[in-house]
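Written below as structure tokens is the structure these notes are about.
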2 protein chains.
Amino acid sequence: MYEKKIPKDLNCGMSITLEIIGGKWKPCLIDSIAKGIRRPSDLHRNHPDATKRVLNLHLKELEDHGVVTKIIYPVLPPKVEYFLTDFGATLLPLISHMEKWGSDYMPVFNELQRNKLKAV
Amino acid sequence: MYEKKIPKDLNCGMSITLEIIGGKWKPCLIDSIAKGIRRPSDLHRNHPDATKRVLNLHLKELEDHGVVTKIIYPVLPPKVEYFLTDFGATLLPLISHMEKWGSDYMPVFNELQRNKLKAV
DNA sequence: TCATATAGGGATAATTTTATCCCCGTTGTC
DNA sequence: GACAACGGGGATAAAATTATCCCTATATGA
């Protein structure tokens with residue numbers, strides 16, 4: 001990504017976890033790649049709300065962090081595929097845990113949001 | 001927080017989870033409060049790298065999201081305590097999962113960072 | 001010949017998050 | 001009287017993240 005000016009705190013496990021999966025589309029990307037959606041264009045079709053640009057940036061970071069491997073086939077038109085590394089695969093249980101918590105408490109959360117709106 | 005202009009996607013469990021615990025100090029705050037550190041000044045002492053300002057903002061959001069309860073004692077000098085709600089307590093296993101993953105892979109991660117620096 | 005699909009990225013702007021600085025009022029202590 | 005501790009927050013700046021727009025290049029099919 002761009003050059004960062006505030007050093008990260010790497011002593012805390014949580015900050016490392018968030019450094020790796022904290023991007024807006026990273027969990028989705030990891031999930032999709034794990035499900036076999038490997039090509040950039042397919043990933044983009046799978047997440048139309050994200051820009052190609054951002055997906056590329058995030059994929060680059062995931063690659064830099066050792067979560068995915070990028071394979072460029074020397075053909076034309078170009079073909080690229082991303083694969084989850086073994087390291088990246090260790091994230092899957094964590095991601096589903098986070099996803100599950102959010103889904104379980106989505107009703108609670110949305111209820112709160114509605115009440116807040118009424119109060120305002 | 002400030003007024004947001006880009007609507008959040010509330011269909012995805014992951015986005016709700018990150019909405020709730022995604023702030024820079026939120027997991028630390030939840031963790032500290034769960035451990036019995038309840039007063040704002042104590043929380044600040046516990047996380048000196050964070051500003052009082054940011055801690056207040058984050059605590060406010062945690063309160064709005066129903067994760068903590070704020071109790072203001074009508075005394076002088078003022079006394080305030082935060083408590084984890086039952087809802088907030090359901091976050092604890094998730095947070096320790098994230099914390100554990102980060103700690104487990106901290107060596108791997110730091111090794112990668114070193115190699116990247118050498119390459120540059 | 002022209003549109004489309006493929007993968008990528010530069011330049012810049014908008015948005016969001018976090019940091020910095022300084023202020024308020026009260027009580028107790030030196 | 002001066003000062004620290006308590007909890008809080010306004011105004012503003014910096015930093016980080018994400019969005020928008022447009023361009024490169026090649027091959028295929030209409």
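All values below come from the heavy atoms of this structure, side chains included, with hydrogens, waters and symmetry mates left out. Residue numbering restarts at 1 for every chain, and letters A, B, ... go by the order of the sequence lines.
- We find that CG of A:Leu57 is positioned 9 Å from P of C:dG9, with the value rounded to whole Å.
- The hydrophobic cluster containing B:Tyr73 also includes B:Ile71, B:Val75, B:Phe83, under a criterion of side-chain heavy atoms closer than 4.5 Å among ILVMFWY residues, counted directly or through chains of members.
- Rounded to a whole Å, the NZ atom of A:Lys24 is 10 Å from the C1' atom of C:dT15.
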Compile the donor-acceptor pairs under 3.5 Å between side chains in residues 24-34 of chain A and protein atoms, sequence neighbours left out, one pair per line.
unit_1  : atom_1 : unit_2  : atom_2 : d
A:Lys26 : NZ     : A:Glu61 : OE1    : 2.7
A:Asp31 : OD2    : A:Lys35 : NZ     : 3.0
A:Ser32 : OG     : A:Cys28 : O      : 3.0
A:Ser32 : OG     : A:His47 : NE2    : 2.9

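- A salt bridge links A:Arg45 to A:Asp42: at least one charged side-chain nitrogen sits closer than 4.0 Å to a carboxylate oxygen.
- Remark: P of C:dT18 and CG of B:Leu29 are 11 Å apart, rounded to the nearest angstrom.
- Of the candidate nucleotides C:dA19, C:dA7, D:dG8, C:dA7 has the atom lying nearest to any side-chain atom of A:Ser41.
- Among the heavy atoms of the strands lying under 4.0 Å from B:Lys70 are primed sugar atoms or P, OP1, OP2 only; no base atom is included.
- Judged by atom type and distance alone, B:Lys79 does not reach the base of D:dG7 through any side-chain donor-acceptor pair under 3.5 Å.
- For the pair B:Tyr82 and A:Pro78, nearest-nucleotide mapping onto DNA chain D gives the more 5' position to B:Tyr82.
- At whole-Å resolution of the value, CZ in A:Arg53 and C1' in D:dT24 are 14 Å apart.
- Spacing between atom NE2 of A:His44 and atom C1' of C:dT6 amounts to 13 Å, rounded to whole angstrom units.
- Toward the 5' end of DNA chain D, the nearer of the two residues A:Thr51 and B:Pro40, judged by each one's closest nucleotide, is B:Pro40.
- Remark: P of D:dT20 and CG of A:Leu55 are 13 Å apart, rounded to the nearest angstrom.
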